[in-house]
Amino acid sequence: MLKIVGGVVLLTVVVVALAVTIVPRFLDRIYYRGPATAHFDGERFANPDNDADTQQIQPAGGGRASFFWRYFTGSDGRPAWPKSVAVRPIAPPARVEGERMVVTWVGHASVLIQTQGLNILTDPVWAQTAGPLGAGPRRVAEPGIAFDALPKIDLVLVSHDHYDHLDKATLGRLWQRDRPRIVTSLGNDSVIGQTGATATALDWGQRVAIKPGVSVSVTRNHHWGSRWFSDRNRALWSSFVVTLPGGNVFFAGDTGMGDGKWPVEAAALGPIRLALIPIGAFRFVDGQMESGSHIGPVDAIEVYRRLGAAQAIPIHWGTFRLSFEGYDTPPKLLAAAMRCTGQSGFAPVAIGRPVAVAGYVKPVTGTPMPRAALLKCLDTAAVRALR
């Protein structure tokens, strides 16, 4: 009996040792090969302004396994979200010509931008869940435009490879139907290519022409990437500037604040008529105002100011529950922060409601409010009550 038990134990040890050695390598993927740069060491990408703050994905206390157990069992103390949110999907026009601009928030980071006779989609996700193999957080708000009601898409921007931003099923359908130009950052073209689609992958600072007067620049932000457990940062993350007559469009993708210089770098490419800035998935403990990988409203309004944008629409909230804040905490906190700073032009829009974006007018940014002063202004009973 002892020999049998010893044999089982030995076999178990061998299997575990082999699994630890083999499985991570099996799950790893090489998405990009190229020369080393300031943000690529030849194997993985990194944030040159300090990568440490994007490493922690769980709230303080307990390990990663504990975090995921609490998250998926609902025992983590998160405020309840609605199971569904009413959305009235719209049928957008086929085209919007000239300098007119009509923008529709589809949900999360998916936005339809119509201008110059172009239909542009950012991070298109029509999936019901944001995760591998159909797992992950479920959508609480249906897309603001039914997929079959989408006009012909000409240009798609894909910021990075997380499931709530790169949905292979949606990209495959778009490619089969419309053959759009897909622009992304280095390495993500490998993931997108698994759908049969072709993507143009660029490094930070590179630009591609779309048509006369219109181009896309891939710009820096502060995030990370992964599709599995061990392929972290094999592909690059980015924001984008779409250069357009009458003012540019900035799409932040998914980002933390980092050194805060990247909005200024984007603004240097020309006046920004519209900015799409994330405000959600920032709170992982009570009272938190940001995480290393995600800006909350407090930092989003500073990004807005540094961009010098004429108008901004908050995205990346109210669609998938990815963190610990309440469903409507991001827009309420944004409104409070905007009141504190006296800024205007950055306010939520309803999913599925087309918004006409006025032409570029240089904003009056006023005197910047130091972050400490803003937090003091926000130290009210109403803000403290936000979960």
Side-chain angles (χ1 to χ4, degrees), residues 81-96 102-114 118-184 188-189 191-199 225 227 235 237 240 249 251-254 276 278 280-281 313-322 327 348-355:
W81 269 41
K83 291 185 177 180
S84 64
V85 177
V87 173
R88 288 187 177 183
I90 60 106
R95 301 278 172 192
V96 173
V102 177
V103 176
T104 307
W105 184 33
V106 178
H108 202 53
S110 304
V111 181
L112 174 65
I113 304 157
Q114 297 183 280
L118 290 172
N119 293 322
I120 305 168
L121 264 181
T122 65
D123 285 355
V125 176
W126 264 254
Q128 287 298 308
T129 57
L133 305 175
R138 294 197 64 82
R139 181 186 288 273
V140 302
E142 290 299 310
I145 305 170
F147 186 88
D148 291 339
L150 278 172
K152 184 180 186 298
I153 300 302
D154 306 295
L155 174 63
V156 175
L157 308 177
V158 179
S159 64
H160 65 298
D161 63 4
H162 285 159
Y163 285 87
D164 56 320
H165 294 261
L166 194 164
D167 176 23
K168 292 198 296 184
T170 299
L171 289 169
R173 291 175 72 186
L174 284 169
W175 181 257
Q176 289 298 319
R177 196 190 74 166
D178 297 338
R179 290 294 196 273
R181 184 71 176 271
I182 303 174
V183 180
T184 188
N188 297 296
D189 55 326
V191 181
I192 295 168
Q194 296 168 19
T195 71
T198 299
R227 300 285 289 182
W237 47 95
F240 301 88
V249 170
F251 170 48
D254 197 356
L276 305 172
I313 293 174
I315 59 170
H316 204 268
W317 70 275
T319 307
F320 298 104
R321 184 170 66 163
L322 302 174
Y327 169 76
V349 299
I351 292 176
R353 190 188 76 183
V355 176

Query raised in the report: If you look at every heavy atom in Pro89 and Ala146, which pair is closest and at what distance?
Result: CB-N, 4.3 Å

**Report entry** Nearest-0.5 Å distance that lies between atom CG in Leu155 and atom CZ in Arg181
**Finding:** 8.5 Å

Report task. Begin from the C-alpha positions of His316 and Leu322 and carry the test side-chain contact (heavy atoms from CB on, under 4.5 Å) through to its verdict. Result -> CA-CA 10 Å; His316 204 268; Leu322 302 174; 4.1 Å; yes

**Report entry** For Pro348 against Trp317, the heavy-atom pair lying closest together
**Finding:** CB-CZ2, 4.1 Å

Report task. Considering non-hydrogen atoms only, spot the tightest contact between Ala149 and Pro92 and give its length. Result -> O-CD, 3.6 Å

Query raised in the report: Is Ile351 close to Thr319 at the side-chain level, that is, under 4.5 Å between some pair of heavy atoms?
Result: yes

Give the table of side-chain donor-acceptor pairs shorter than 3.5 Å for residues 130-139, with sequence neighbours excluded, one pair per line with atom names and distance.
unit_1, atom_1, unit_2, atom_2, d
Arg139, NE, Ala127, O, 3.0
Arg139, NH1, Ala141, O, 3.3
Arg139, NH2, Val125, O, 2.7
Arg139, NH2, Ala127, O, 3.2

Query raised in the report: For the side chain of Thr104 and the backbone of Gly352, is there at least one donor-acceptor N/O pair under 3.5 Å apart?
Result: no

Query raised in the report: Taking atom types as modelled, is there a side-chain donor on His165 or Asp254 under 3.5 Å from an acceptor on the other?
Result: yes

Requested in this report: Could you grab the distance from atom CD of Gln114 to atom CG of Asn119, nearest 0.5 Å is fine?
Outcome: 4.5 Å

Report task. Is it possible for you to check whether Arg321 lies under 6.0 Å from the centre of the six-membered ring of Tyr327, through NZ or CZ, and within 45° of that ring's axis? Result -> no

Requested in this report: Decide yes or no for Leu166 and His160: does some side-chain heavy atom of the first lie under 4.5 Å from some side-chain heavy atom of the second?
Outcome: no

**Report entry** Interatomic spacing from CD in Gln128 to CZ in Phe320 - rounded to 0.5 Å
**Finding:** 7.5 Å

Query raised in the report: Pro151 and Ala94: which non-hydrogen atoms are nearest, and at how many Å?
Result: CB-O, 3.7 Å

**Report entry** Trace of the side-chain contact (heavy atoms from CB on, under 4.5 Å) decision for Leu174 with Arg179
**Finding:** CA-CA 7 Å; Leu174 284 169; Arg179 290 294 196 273; over 6 Å; no

Query raised in the report: Which is it for Ile192 and Ile182 under the side-chain contact (heavy atoms from CB on, under 4.5 Å) test, yes or no, and what are the steps along the way?
Result: CA-CA 9 Å; Ile192 295 168; Ile182 303 174; 4.1 Å; yes

Query raised in the report: Do the non-hydrogen side-chain atoms of Ser159 and Thr184 ever get within less than 4.5 Å of each other?
Result: no

Query raised in the report: How long is the span from the CG atom in Asp178 to the CG atom in Asp154, to the nearest 0.5 Å?
Result: 8.0 Å

Query raised in the report: Would a 4.5 Å heavy-atom cut-off, applied to side chains only, mark Leu150 and Leu121 as touching?
Result: yes

Requested in this report: For Phe251, enumerate each residue passing the ring pair (Phe, Tyr, Trp, His ring centres under 6.0 Å) test, keeping only those at least two apart in sequence or located in another chain.
Outcome: none

Report task. Determine whether Thr198 and Trp175 make a side-chain contact, defined as any pair of heavy atoms from C-beta on separated by less than 4.5 Å. Result -> yes

Query raised in the report: Asp167 pairs by side-chain contact (heavy atoms from CB on, under 4.5 Å) with which of Thr170, Leu171, Asp164?
Result: Thr170

Query raised in the report: Got Val111 and Ile315 here, is their nearest side-chain heavy-atom distance under 4.5 Å?
Result: yes

Query raised in the report: Roughly how far, to the nearest 0.5 Å, is the CD1 atom of Ile120 from the CZ atom of Phe240?
Result: 12.0 Å

Query raised in the report: Under 4.5 Å between any side-chain heavy atoms of Ile113 and Thr122, yes or no?
Result: yes

Requested in this report: Please determine, by modelled atom types, if Asp123 and Ser110 share a side-chain donor-acceptor pair under 3.5 angstrom.
Outcome: no

Query raised in the report: Under a 4.5 Å cut-off applied to non-hydrogen side-chain atoms, are Asp189 and Val191 in contact?
Result: no

Query raised in the report: Salt bridge or not for Asp148 and Arg173, using N-O below 4.0 Å?
Result: yes

Query raised in the report: Which pair of non-hydrogen atoms, one from Pro82 and one from Val140, has the smallest distance, and what is that distance?
Result: O-CG1, 3.4 Å

